Amino acid sequence: MTVPLPAYVLLSILLFVLGGLGVLLRRTALIVFMSIELMLNSVNLAFLSFARMHGDLSGQLVAFFVLVVAAVEVVVGLAMLIALFRAHRAMDVDEMDLLRG
C-alpha cells in the first residue's frame, strides 16, 4: 500500500500552516522556535515526497541542507534565548527588543 503524493503535499501544507500560525500568534520564544522547526520539517516532507515521485536525489539533498540549517538555528537560537533569559528573566518575544534601534 502506497500513500499518494497529494496526501504528502496536503500534510506538508497543513504542518506549514500550523507552524506559521504558531510563529504569528504565540509570544513565547521557545514556542516560536518550535513552530519554525515545524515549518522546516513540513518543507522537508514536501521535498522528500517530490524527490520520491521523480526518483532523483536532488530533493533529498535539499532536505539534508534544511536539516543542517535547522540544527544551526536551534543551537544559535537556544543560546540567544538562554542569554536573554538570564539577563531579563522573560521569554516573551515582545519584551526582547534589545536590537531595536
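The shown structure was predicted, so the numbers you read here are calculated from the model rather than taken from an experiment. Atom set for the values below is all heavy atoms of this structure, side chains included, hydrogens, waters and symmetry mates excluded.
- Hydrophobic clustering (ILVMFWY, side-chain heavy atoms < 4.5 Å, transitive): L45 and V66 are in distinct clusters.
- Note that CG of L10 is 11.0 Å distant from CG of L5, once rounded to the nearest 0.5 Å.
- The closest side-chain heavy-atom distance from N44 to L67 is below 4.5 Å.
- The nearest pair of heavy atoms linking G22 to S35 is CA-OG, 3.3 Å.
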Start with the C-alpha gap between V9 and I13, add the side-chain angles, then the distance that decides, and say whether side chain to side chain contact (heavy atoms under 4.5 Å, CB included) holds.
CA-CA 6 Å; V9 173; I13 291 171; 3.9 Å; yes
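- A cation-pi arrangement is absent between R52 and F50 under the rule of less than 6.0 angstrom and at most 45 degrees off the ring axis.
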Go through the steps to decide whether E73 and I36 satisfy the test side chain to side chain contact (heavy atoms under 4.5 Å, CB included), and finish with yes or no.
CA-CA 9 Å; E73 178 249 341; I36 291 171; 4.0 Å; yes
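- No path of Ile, Leu, Val, Met, Phe, Trp and Tyr side chains, each step under 4.5 Å between heavy atoms, connects V62 with L48, placing them in separate hydrophobic clusters.
- No continuous path of hydrophobic side-chain contacts links V75 to L40 [ILVMFWY only; heavy atoms under 4.5 Å].
- In terms of heavy atoms, Y8 sits closest to S49 at CB-CB, 3.6 Å.
- Scanning all heavy atoms of the two residues, the minimum distance from V23 to V32 falls at CG2-O, 4.0 Å.
- Once rounded to the nearest 0.5 Å, the distance linking CG of L14 with CG of L38 reads 9.0 Å.
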What verdict does the side chain to side chain contact (heavy atoms under 4.5 Å, CB included) test give for L78 and L81, after you've listed the backbone C-alpha separation in whole Å, the side-chain angles of each residue and the deciding distance to 0.1 Å?
CA-CA 5 Å; L78 286 180; L81 283 179; 4.2 Å; yes
Verdict with reasoning, R26 to M34, per side chain to side chain contact (heavy atoms under 4.5 Å, CB included):
CA-CA 11 Å; R26 299 301 297 254; M34 288 173 39; over 6 Å; no
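- When the side chains of ILVMFWY residues are joined at heavy-atom separations under 4.5 Å, either directly or via intervening members, F85 and V74 end up in a single hydrophobic cluster.
- Enclosure of atom CZ in F65 is not indicated, since only 12 or fewer non-hydrogen atoms of other residues, nucleotides or ligands lie within 6.0 angstrom.
- Minimum interatomic distance between Q60 and A51 (heavy atoms only, all atoms of both residues): N-CB, 4.0 Å.
- By the rule that hydrophobic residues join a cluster once side-chain heavy atoms approach within less than 4.5 Å of another member, I82 and L30 end up as members of separate clusters.
- With rounding to the nearest 0.5 angstrom, the CZ atom of F47 is 11.0 Å from the CG atom of L61.
- Between the side chain of S12 and the backbone N or O of S42 there is at least one donor-acceptor pair closer than 3.5 Å.
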